[in-house]
Amino acid sequence: MALPTMTVTTGANFIPEIWSSEVLRAVESNLVLADKVKRYDSDVKSFGDTIHVPNLSNLSANPKIADTAVTPQAVTEGKIDIAIDKHYETSFYVEDILKVQSKYDLMSEYTSKAGYAIAKQIDLSLAGLYSGLSQYVGDGSTDVTDTNLVLAVEKIDTADAPESDRYFVIKPSAKAALMLLDKFVLRTGPGWGPENSPILHGAKENGFWGDIYGFKVYVSNNLVTAAGTPTVVHNLMFQKEAFGLAMQQSPRTQTQYKQEYLANLVTVDTIYGLAEMRDTFAVDFRSKE
């Protein structure tokens, strides 16, 4: 026979439910591309919808023949246009009753998330420039290999790209493939060991993973993965001048009280344009997911 015992069921009204003092924020991917490309912000800060960037060709050296005139050179130059045609916004309302009754500072929390959404969109736009590149290595059925790394570096070297400001931005699947290459993880020979592997140590700024063949390696989930048979990951190996970005309006935050809704409206928006500037300074480094 069961005794008339008080339990958590009979005493449920005396047991409070506790809400944490912190919220569980959605994870955010690394934003790495915007500060790795050539910037033209100052050209359009005040006005304009297109930036014309004129090309400047090299001249050739001609032998000077005695008693003859020099050989003047006249070059018809082209230009590259950056259209300032991208305007993105992220907005939300917080009604008064929610603001008053919530124990969390929702205005602040969601404003931070809105700013992240805009910054991520810029990263995604830059990652999409892979589609205009004429140079590529690998395919959707292969991992990142040392052979393809060397081939991609060779293509950029052949283009006389500067040795500085070189980057290799990869997805986690490519990072995993690199971690299986002993050449980079377990360097052998005099003076080498795991403690000074080029991809295991170093200052870890946002997304930074290491250095391979003079290219700083960054990991980001914002690169394009093109579905297909097979699916193709489009990692990017490039020198800074391969791509151009012009931020006409840096991400701005505006708030407005809407009396008809008894709510605060928060909007974060930005205006920018981007373009491929030097095709041979970049390689679409394709690999499998």
Side-chain angles (χ1 to χ4, degrees), residues 29-38 80 123-188 192 197-202 205-228 230-245 274-289:
S29 55
N30 294 323
L31 306 175
V32 302
L33 288 172
D35 62 349
K36 308 293 186 297
V37 302
K38 181 76 171 176
I80 295 175
D123 228 41
L124 292 171
S125 295
L126 286 166
L129 291 177
Y130 86 88
S131 62
L133 296 176
S134 64
Q135 301 186 132
Y136 70 92
V137 297
D139 55 47
S141 62
T142 60
D143 281 321
V144 173
T145 64
D146 189 34
T147 298
N148 280 341
L149 279 169
V150 173
L151 179 58
V153 173
E154 179 186 14
K155 291 178 181 292
I156 294 176
D157 283 344
T158 301
D160 288 326
E163 295 287 342
S164 61
D165 299 315
R166 291 184 170 196
Y167 304 102
F168 187 29
V169 183
I170 60 176
K171 292 201 78 170
S173 57
K175 175 184 174 181
L178 285 170
M179 291 176 70
L180 295 175
L181 299 180
D182 288 351
K183 179 176 183 178
F184 300 118
V185 180
L186 301 175
R187 273 293 182 91
T188 59
W192 285 103
S197 166
I199 59 174
L200 293 182
H201 295 276
E205 60 181 286
N206 183 40
F208 179 64
W209 187 48
D211 192 304
I212 294 179
Y213 297 139
F215 286 76
K216 291 188 178 299
V217 183
Y218 287 81
V219 181
S220 174
N221 277 310
N222 294 336
L223 297 173
V224 175
T225 298
T231 296
V232 182
V233 175
H234 294 279
N235 309 288
L236 287 173
M237 179 176 277
F238 62 97
Q239 199 278 336
K240 182 177 184 177
E241 295 182 12
F243 307 115
L245 171 65
L274 67 165
E276 177 188 326
M277 307 300 292
R278 294 184 185 273
D279 179 70
T280 56
F281 279 23
V283 174
D284 174 13
F285 203 118
R286 301 173 183 176
S287 64
K288 68 179 184 180
E289 179 60 65

Student: Quick one: side-chain hydrogen bond (donor to acceptor under 3.5 Å, both in side chains) partners of Asn221, sequence neighbours excluded?
Tutor: none

Student: Output all residues satisfying salt bridge (charged side-chain N to carboxylate O under 4.0 Å, His left out) with Asp123, sequence neighbours left out; order by chain, then residue number.
Tutor: none

Student: Could you name each residue pair satisfying salt bridge (Lys or Arg N to Asp or Glu O under 4.0 Å) that touches residues 159-169, not counting sequence neighbours?
Tutor: Asp157-Arg166, Glu163-Arg166

Student: Could you pull out the closest heavy-atom pair between Phe281 and Ala159, with the gap in Å?
Tutor: CE1-O, 3.4 Å

Student: Can you name the closest pair of heavy atoms from Ala174 and Ser287 and give their distance?
Tutor: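 Closest pair (atom of Ala174, atom of Ser287, distance): CB-OG, 4.4 Å.
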
Student: What ring pair (Phe, Tyr, Trp, His ring centres under 6.0 Å) pairs are there with at least one residue in residues 128-161, not counting sequence neighbours?
Tutor: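 Pairs touching residues 128-161 that pass the test: Tyr130-His234.
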
Student: Residues in side-chain hydrogen bond (donor to acceptor under 3.5 Å, both in side chains) with Glu289, at least two apart?
Tutor: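 With neighbours one apart ignored, the set is Thr225.
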
Student: On a heavy-atom basis, which atom in Pro172 and which in Ser220 lie closest, and how many Å separate them?
Tutor: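 Heavy-atom minimum between the residues: CD-O, 4.0 Å.
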
Student: For residues 128-139, pull every pair meeting salt bridge (Lys or Arg N to Asp or Glu O under 4.0 Å), keeping only residues two or more places apart or in separate chains.
Tutor: none

Student: Who are the side-chain hydrogen bond (donor to acceptor under 3.5 Å, both in side chains) partners of Tyr218, not counting sequence neighbours?
Tutor: Glu205

Student: List the residues meeting ring pair (Phe, Tyr, Trp, His ring centres under 6.0 Å) with Phe215, not counting sequence neighbours, and say none if there are none.
Tutor: none

Student: Any chance you could measure Leu245, atom CG, to Leu274, atom CG, to the nearest 0.5 Å?
Tutor: 6.5 Å

Student: Can you name the closest pair of heavy atoms from Leu124 and Asn222 and give their distance?
Tutor: CD2-O, 3.3 Å

Student: Within the side chain of Asp279, is there an N or O that forms a donor-acceptor pair under 3.5 Å with the backbone of Ser134?
Tutor: yes

Student: What closest approach, in Å, do Gly128 and Ser131 show between heavy atoms, and which atom pair accounts for it?
Tutor: O-OG, 3.1 Å

Student: Side chain of Gln135, backbone of Val283: donor and acceptor closer than 3.5 Å?
Tutor: no

Student: Can you name the ring pair (Phe, Tyr, Trp, His ring centres under 6.0 Å) partners of Phe168, sequence neighbours left out?
Tutor: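 For Phe168 the ring pair (Phe, Tyr, Trp, His ring centres under 6.0 Å) partners, ignoring immediate neighbours, are Phe285.
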
Student: CD/Glu241 to NZ/Lys38 distance, rounded to the nearest 0.5 angstrom?
Tutor: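 The NZ atom of Lys38 is 5.5 Å from CD of Glu241, to the nearest 0.5 Å.
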
Student: May I ask you to check whether over 12 heavy atoms, not counting those of Lys36, lie within 6.0 Å of atom NZ?
Tutor: yes

Student: With salt bridge (Lys or Arg N to Asp or Glu O under 4.0 Å) as the rule and sequence neighbours excluded, what pairs involving residues 168-179 come up?
Tutor: none

Student: What distance do Glu276 atom CD and Leu129 atom CG have between them, rounded to the nearest 0.5 Å?
Tutor: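 CG of Leu129 is found 7.0 Å from CD of Glu276.
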
Student: For the pair Val32 and Val169, evaluate side chain to side chain contact (heavy atoms under 4.5 Å, CB included) and give the outcome as yes or no after the intermediate values.
Tutor: CA-CA 8 Å; Val32 302; Val169 183; 3.8 Å; yes

Student: Start with the C-alpha gap between Leu178 and Ile170, add the side-chain angles, then the distance that decides, and say whether side chain to side chain contact (heavy atoms under 4.5 Å, CB included) holds.
Tutor: CA-CA 10 Å; Leu178 285 170; Ile170 60 176; 3.9 Å; yes

Student: Which distance, rounded to the nearest 0.5 Å, do you find between the OH of Tyr167 and the CZ of Phe238?
Tutor: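 It comes to 7.5 Å.
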
Student: Quick one: side chains of residues 144-156, donor-acceptor pairs under 3.5 Å with protein atoms, not counting sequence neighbours, listed by atom name and distance.
Tutor:
residue : atom : partner : partner atom : Å
Thr145  : OG1  : Asn148  : N            : 3.1
Asp146  : OD1  : Tyr213  : OH           : 2.7
Asp146  : OD2  : Lys183  : NZ           : 2.9

Student: Among residues at least two apart in sequence or on other chains, which ones pass side-chain hydrogen bond (donor to acceptor under 3.5 Å, both in side chains) with Asp143?
Tutor: none

